[in-house]
Amino acid sequence: MSGSAIERLGHEEVDGRIVHNDRAMSWEEADKRAGFRLDRRKSWAFIHNKRDIGLPELCEMISFTRACSDCEDSESMYCTPTGSGCRECGYTGKRRDHYFVPFCRPKRIRKAWTVVVARWAEGDSCIVYGPSASKVRAEVRRELDDVSFADITVRRCKEKDISLPAPDEIALGLTPKERDVLLHAHGSTCGDVMKAGFRDDYYTDRANPVLCSLVEKGLMRQSDREVPWGEGKVYFFTTDAGKHCANSLTPEYNP
């Protein structure tokens, strides 16, 4: 089932029923307003928070099963999981309900692990990023052919975790080429690898249109000096805003 995105502008009561005033939104508009790419399989709504009680305006639709209100024994001291059955619920005693609830996006955390290999000198270790200890151990085993799984010790290292920001409006507005160049320049490597680092530069023609566009957006800056071994070529460096943007576009781990 495909999802949708709407903006709820208000509601009115018609013949004793609440009728919502909803405006359909394109996925591009919804992504820009949310600040990240929405799941196309879900239904989303932007509902204005008029009372300003700190709830996010972005809501997602949830579905759940409950006892049919028409045939449930509501006079009982305890709620029953199902009703006795009636025409409205098809004599099942249950109903399926759907509601929009405030969406709280989980934090994007790249987990860090301390890896120690038996043959290494005492005290030697390295930090590896991965979703679980088993995947980190398997990756280290692939990198070091002459060690066994029993030789590899993996322990969680929360203080080295990397918190990745959510994509903002600038990141979502980048073209695919601009996104690829920015990520390449940032040089971030993630996932089940032996090392993770950042390069933060890109070497190409001074008039490269993609790099010049990133400079105009404040995500990269051009070096003042040309390198002696390349006529018309310079280094471009990512700015702090560019690093933040690149981190927001970087997945937690490599697929």
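Keep in mind that what you see is a predicted model, and the values were worked out from it rather than measured.
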Next on the checklist: Test of understanding: with side chain to side chain contact (heavy atoms under 4.5 Å, CB included), list the residues that count as partners of Cys86, not counting sequence neighbours.
Outcome noted: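 Residues passing side chain to side chain contact (heavy atoms under 4.5 Å, CB included) with Cys86: Cys68, Asp70, Cys71, Glu88, Cys89.
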Checklist entry - Partners of Trp113 by ring pair (Phe, Tyr, Trp, His ring centres under 6.0 Å), sequence neighbours excluded? => result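 For Trp113 there are no ring pair (Phe, Tyr, Trp, His ring centres under 6.0 Å) partners, ignoring immediate neighbours.
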Item to check | Residue list, ring pair (Phe, Tyr, Trp, His ring centres under 6.0 Å) with Phe149, at least two apart or on another chain | outcome: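 Ring pair (Phe, Tyr, Trp, His ring centres under 6.0 Å) check on Phe149 returns nothing, list empty.
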Item to check | salt bridge (Lys or Arg N to Asp or Glu O under 4.0 Å) contacts in which one or both residues fall within residues 170-183, not counting sequence neighbours | outcome: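 Non-adjacent pairs meeting salt bridge (Lys or Arg N to Asp or Glu O under 4.0 Å): Glu178-Lys217.
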Set of residues satisfying salt bridge (charged side-chain N to carboxylate O under 4.0 Å, His left out) with respect to [X], sequence neighbours excluded:
X: Asp240; result: none
X: Asp15; result: none
X: Arg108; result: Glu252
X: Asp151; result: none

Rounded to the nearest 0.5 Å, how far does [atom2] of [Y] lie from [atom1] of [X]?
X: His98; Y: Ser43; atom1: NE2; atom2: OG; result: 9.5 Å
X: Leu219; Y: Glu216; atom1: CG; atom2: CD; result: 11.0 Å
X: Cys59; Y: Lys42; atom1: SG; atom2: NZ; result: 13.0 Å

Side-chain donor-acceptor pairs of residues 154-164 under 3.5 Å, sequence neighbours excluded:
| from | atom 1 | to | atom 2 | distance (Å) |
| --- | --- | --- | --- | --- |
| Arg156 | NH1 | Ala112 | O | 3.0 |
| Arg156 | NH1 | Asp161 | OD1 | 2.8 |
| Arg156 | NH1 | Asp161 | OD2 | 3.4 |
| Arg156 | NH2 | Asp161 | OD2 | 2.9 |
| Asp161 | OD1 | Ala112 | N | 2.8 |

Checklist entry - Do Lys243 and His186 have side chains that get closer than 4.5 Å, going by heavy atoms? => result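 Yes, at least one pair of side-chain atoms sits under 4.5 Å.
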Checklist entry - Cluster partners of Ile18, using ILVMFWY side-chain heavy atoms under 4.5 angstrom, listed by chain and number? => result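 Answer for Ile18: none, a lone residue.
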Side-chain donor/acceptor pairs under 3.5 Å, residues 5-13, sequence neighbours excluded:
| from | atom 1 | to | atom 2 | distance (Å) |
| --- | --- | --- | --- | --- |
| Glu7 | OE1 | Arg23 | NE | 3.0 |
| Glu7 | OE1 | Arg23 | NH2 | 2.8 |
| Glu7 | OE2 | Arg33 | NH1 | 3.2 |
| Glu7 | OE2 | His48 | NE2 | 3.2 |
| Arg8 | NE | Asp22 | OD1 | 2.9 |
| Arg8 | NH2 | Asp22 | OD2 | 3.1 |

Checklist entry - If you look at every heavy atom in Trp120 and Val115, which pair is closest and at what distance? => result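 The answer is CZ3-O, 3.5 Å.
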Item to check | Side-chain ion pair, Glu29 and Lys32, N-O less than 4.0 Å | outcome: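 Judged by the 4.0 Å cut-off on N to carboxylate O distance, Glu29 and Lys32 do not form a salt bridge.
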Item to check | Listed partners of Thr65 passing side-chain hydrogen bond (donor to acceptor under 3.5 Å, both in side chains), at least two apart | outcome: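 Only Arg96 meet the side-chain hydrogen bond (donor to acceptor under 3.5 Å, both in side chains) criterion with Thr65.
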Checklist entry - Looking at Leu214, Thr175, Thr204, Leu174, which hits side chain to side chain contact (heavy atoms under 4.5 Å, CB included) with Val181? => result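 Looking at Leu214, Thr175, Thr204, Leu174, the match for Val181 under the side chain to side chain contact (heavy atoms under 4.5 Å, CB included) is Leu214.
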